Amino acid sequence: MQIAKNQELKIYNSLTGKKEIFKPINEGHIGMYVCGPTVYSNVHLGNCRTFMSFDMIFRYFKHLGYKVRYVRNITDAGHLVDDADDGEDKIAKKARLEKLEPMEVVQRYTVDFHTILEKFNFLPPSIEPTATGHIIEQIEIIKTIINNGFAYEINGSVYFDVSTFNEQKEYGKLSGRKLEDMIANTRELAAQSEKRNPQDFALWKKAEPEHIMRWPSPWGDGFPGWHLECTAMSTKYLGETFDIHGGGMDLKFPHHECEIAQAEACNGHSPVNYWLHANMLTLNGKKMAKSTGNSILPNEIFTGENTILSKPFSPSVVRFFMMQAHYTSILDISNDALLASEKGFNKLMEAIDNLDKLTVKDNSSFNITQWQQQCYDAMNDDFNSPILISKLFEAVKQINLIKEGKSTITKADKTILTQTLHSFVFDVLGLENKNNTASDNKIDGVIALLIELRKEARENKDFATSDKIRNQLAEMGIELKDGKEGTTFNIL
RNA sequence: GGCAUUGUGGCCGAGUGGCUAGGCAGAGCUCUGCAAAAGCUUGUACAGCGGUUCGAAUCCGCUCGAUGCCUCCA
C-alpha cells in the first residue's frame with residue numbers, strides 16, 4: 001500500500017474549468033458531499049451512473065489511504081415540482097396521487113434506492129442524512145442569511161435576494177451565467193409573483209392549508225426550499241468549507257449555484273474547493289424520458305423484462321460498461337454496447353480466475369511495476385477509469401501469454417500483479433466476479449470429472465463421445481476451453 | 001434564444017499539437033482430431049468549412065447536430 005500514498009491526483013474542477021492538483025484541507029482526510037436522490041419514484045438509471053461515478057471516486061480515495069467522510073443525502077421533502085410559486089412538493093404530490101402518507105412514499109423509494117445500489121455493489125456513504133431530519137438546521141441558516149441581509153420574508157415565505165447578493169459576491173460563477181444576462185433573458189410574465197426578482201429562490205415556503213408536509217418556523221408553518229437542505233447538511237457534517245462537492249451535471253444550475261450563494265451569504269466564504277459534475281446517460285442516443293418510452297429501470301436490465309435489450313445483464317456488467325466511459329462524458333447505453341461490455345467483462349474475470357494457476361519462472365518478461373504505475377497514472381488523471389481498464393486488459397493479455405507459456409513471470413511479480421488487479425478491479429472499480437459465486441465445489445467436481453472422461457475419450461480418438469460431452473455442456477451454458485496446460489471451463 | 005458539455009474508425013468509447021488507447025465485431029494466420037479459447041497480423045477514424053502553425057483530429061472562428069440547465073411553449 002505504500003505506493004498508494006505517494007500518488008499525485010489531478011481532478012477537473014468545474015468551478016475553475018481546469019484540472020487541478022488535489023490538495024485536501026486536512027492532510028489524509030477528505031470531506032465529500034454528493035447530492036442524493038429525491039425519493040418519490042424508482043431510482044433512475046441516469047442517477048445510478050452519477051452515484052456510481054462518485055462511488056468509484058470514493059473507493060479510489062479509500063484505496064489511496066485517505067480517511068473519507070462521504071455524505072450523500074436523501075431528499076425526502078422540499079423539492080418542488082416546478083419553480084412556479086404554486087409549486088408542489090414532489091413527495092407530497094406523489095403521496096396525494098397514490099393516497100399514501102408522504103413518509104410512506106419516502107420509505108418505499110428509499111428502500112428501492114438502497115436495494116438497487118446494493119445490487120450495483122455500492123459502498124454505503126459515511127452519512128446518509130435526510131432533509132426532513134435537518135429542518136432545525138435549515139431554519140437557523142435562513143435566520144443568518146436574513147440577518148446578513150441576503151434574504152427577505154414575505155407572506156410567510158422567505159426568498160434569497162439574488163441581486164443584493166450579486167452586488168457583493170458573484171452569482172453564477174459555477175454555471176458561467178451572468179445575472180444581467182439572466183435578467184435580460186427573462187420575459188415579463190403575466191403571472192404575479194411575490195418574489196422581488198424572478199431569479200430569487202425560495203429558502204422557506206409557506207404551507208397552504210392543504211399542504212401535508214409542514215413544519216413550524218419563525219415565519220409560520222411551511223417547508224424548506226430544495227437548495228437549502230444540501231447547504232444545511234454539508235455544513236453540519238463537513239464544515240463551512242470542505243473538499244469535494246459532487247452531483248449530476250443537471251444540478252449545476254440552479255441547485256449548486258444556489259448552494260454556493262447560500263453558503264457565502266451565511267458564512268461569508270466559498271463552501272467547496274472542488275466541484276465535480278458527472279455527465280448524463282442517454283439510451284440509444286436519445287435522452288431517457290418516461291414520456292417517450294425511451295427509459296429503462298435498473299431492475300428491468302437485471303431481469304431482462306424490457307423491450308429495449310435483447311437479454312438480461314448483470315449489475316457488474318452494467319457497472320463495467322459505465323466504468324468504460326469517463327465520468328465527465330455523455331455515455332450512451334444500448335444493446336450492442338452492453339453486449340460488447342459483457343464479453344470484455346467476462347474476459348477480464350477469466351484472466352483473474354486464471355491468476356492462481358500461473359506457473360512462475362526466474363524472470364518476468366514484462367515490467368510489472370511500470371504497468372502498476374500506469375494504472376495509478378490513469379486514475380490520478382481525473383479518475384480516468386477507461387484508461388485504467390485498457391491497462392487492465394494489457395495485464396489480461398500477459399496473463400494469457402503466461403498461461404500459454406509464451407511469457408514469464410516471477411513469483412514476486414505475480415504477487416504484485418494479483419494484488420494490483422484485485423485492488424483495481426474489485427476495490428476501486430467495484431466489480432464483482434460472478435464466476436466465484438455462481439459455481440460451487442460440487443458442480444466444479446462434476447465438471448472436472450466430465451473433463452477427465454472427455455480427455456480419455458480424446459486420447460482414444462473417440463471423438464463422438466468427447467464432442468457429446470463438450471456440446472451438451474455447452475448447451476447448459478458451460479463452456480470448455482482446451483489450453484496448453486489442460487482443459488478449463490467457464491460457466492456462462 | 002442564452003449558458004454549459006459535446007460530435008472520434010462497423011459499434012462502444014480514451015487520448016495527445018508531430019510518435020499504439022482499450023473493448024466488441026470483421027479478415028488472415030498459428031495452435032487444435034474438429035471447434036471454442038488463446039496468441040500473432042490486419043483498420044488511409046477523428047461532424048463540416050475556414051484560420052493559426054514547419055505540422056492539428058488535438059488551438060481559434062463559423063456552420064450543423066447531440067445532451068443538460070435557463071427561457072419559451074405546453
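Each chain gets a letter, A, B and so on, in the order the sequences are listed, and its residues count up from 1. Keep in mind it's a predicted model, so treat the numbers as computed, not measured.
Annotation: cation-pi geometry satisfied between A:Arg319 and A:Phe122 (NZ/CZ under 6.0 angstrom from ring centroid, within 45° of ring axis). A cation-pi geometry, defined here as NZ or CZ lying under 6.0 Å from the six-membered ring centre and within 45° of its normal, holds between A:Lys311 and A:Phe313.
The separation between A:Met322 atom CE and B:A14 atom C1' is 18 Å, rounded to whole Å. Whole-Å rounding puts the A:His256 NE2 to B:C3 P distance at 21 Å. As rounded to whole Å, 16 Å separates atom C1' of B:A37 from atom CG of A:Leu348. Atom-to-atom, CG of A:Asn284 to C1' of B:C11 comes out at 12 Å; the value is rounded to the nearest Å. Distance, A:Asn400 CG to B:A36 P: 16 Å, rounded to whole Å. With rounding to whole Å, A:Lys406 atom NZ is found 15 Å from B:A37 atom P. Taking atom CG on A:Leu401 and atom C1' on B:G39, their separation rounds to 6 Å, with Å as the unit. Regarding A:Leu480, its CG atom lies at a distance of 17 Å from the P atom of B:A35, rounded to whole Å.
For the side chain to side chain contact (heavy atoms under 4.5 Å, CB included) test with A:Leu174, the passing option among A:His255, A:His245, A:His277 is A:His277; the others fail.
By the 4.0 Å N-to-carboxylate-O rule, A:Asp482 lies close enough to A:Arg454 to be salt-bridged with it. By the 4.0 Å N-to-carboxylate-O rule, A:Lys173 lies close enough to A:Glu264 to be salt-bridged with it. Salt-bridge check for A:Lys481 with A:Glu350: passed, with a basic side-chain N closer than 4.0 Å to an acidic carboxylate O.
Within residues 378-389 of chain A, the residues approaching RNA chain B are A:Asn384, A:Pro386, A:Ile387, by heavy-atom distance under 4.0 Å. For the segment residues 448-473 of chain A, residues with any heavy atom less than 4.0 angstrom from an atom of RNA chain B are, sorted by number, A:Arg458, A:Phe463, A:Ser466, A:Asp467, A:Arg470.
Comparing A:Ser175 and A:His326, the nucleotide of RNA chain B nearest to each residue sits closer to the 5' end for A:Ser175.
Listed pair A:Lys252 / B:C70 fails the phosphate criterion, with no side-chain N or O lying under 4.0 Å from OP1 or OP2.
Pairing for B:U6 is with B:G65, a Watson-Crick or G-U wobble pair whose two hydrogen-bonding atom distances lie under 3.5 Å. B:U16: no Watson-Crick or G-U partner with both key distances under 3.5 Å is found in any strand. Across all strands shown, B:G55 has no partner, as no Watson-Crick or G-U wobble contact with both distances under 3.5 Å is found. Checking B:A38 for Watson-Crick or G-U wobble geometry (two distances, each under 3.5 Å) identifies B:U30 as its partner.
Between A:Asn433 and A:Asp353, the side chains place a donor N or O and an acceptor N or O closer than 3.5 Å (distance only, hydrogens not considered). In the model, A:Asp76 has no side-chain atom that pairs as donor or acceptor with a side-chain atom of A:Tyr109 under 3.5 Å. Side chains of A:Lys357 and A:Asn354: a donor on one and an acceptor on the other come within 3.5 Å.
Across the C1' atoms, B:A25 and B:G18 are found 31 Å apart, a figure rounded to whole Å. Here, B:C3 and B:U44 have their P atoms 41 Å apart, quoted to the whole Å. Atom name P, nucleotides B:G61 and B:C69: the rounded distance is 26 Å, in whole Å. B:G7 and B:G55: their P atoms are spaced 25 Å apart (whole Å). The gap from the P atom of B:G10 to that of B:A21 amounts to 15 Å, rounded to the nearest Å. Here, B:U63 and B:G9 have their C1' atoms 24 Å apart, quoted to the whole Å. Using atom P as the reference point in both B:C24 and B:A36, the two lie 15 Å apart (nearest Å). Remark: the separation of the P atoms in B:C40 and B:A47 is 31 Å, to the nearest Å.
Residues A:His63 and A:Met379 are not in side-chain contact: their nearest non-hydrogen atoms beyond the backbone lie 4.5 Å or more apart.
Of all non-hydrogen atoms in A:Leu309 and A:Asn335, the two that sit nearest each other are CA-ND2, 3.4 Å.
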Show each protein N/O and nucleotides 23-29 of chain B N/O combination with a separation under 3.5 Å, one pair to a line.
| unit_1 | atom_1 | unit_2 | atom_2 | d |
| --- | --- | --- | --- | --- |
| B:A25 | OP1 | A:Lys343 | NZ | 2.8 |

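Note on A:Lys178: nothing from the nucleic acid sits closer than 4.0 angstrom, heavy atoms only.
Taking the six-membered ring for Trp and thresholds of 30 and 60 degrees, A:Phe201 and A:His227 have ring planes more than 60 degrees apart, a perpendicular arrangement. Between A:Phe165 and A:Tyr171, the ring-plane angle classifies as perpendicular under the 30° and 60° cut-offs.
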**Prompt:** Stepwise, does the salt bridge (Lys or Arg N to Asp or Glu O under 4.0 Å) test hold for A:Lys391 with A:Asp377?
**Reply:** CA-CA 10 Å; A:Lys391 295 296 164 193; A:Asp377 289 345; over 6 Å; no
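With distances taken from any side-chain atom of A:Asp482 to the nucleotides B:A14, B:G39, B:A36, the minimum falls on B:A36.
The side chain to side chain donor-acceptor pair (under 3.5 Å) test applied to A:Asp200 returns A:Tyr152, not counting sequence neighbours. With sequence neighbours excluded, no residue satisfies side chain to side chain donor-acceptor pair (under 3.5 Å) with A:Arg470.
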**Request:** Could you encode protein contacts along nucleotides 62-69 of chain B as a string, one character per nucleotide from 5' to 3', using B for base contact, S for sugar-phosphate-only contact and - for no contact, with a heavy-atom cut-off of under 4.0 Å?
**Result:** -----SSB
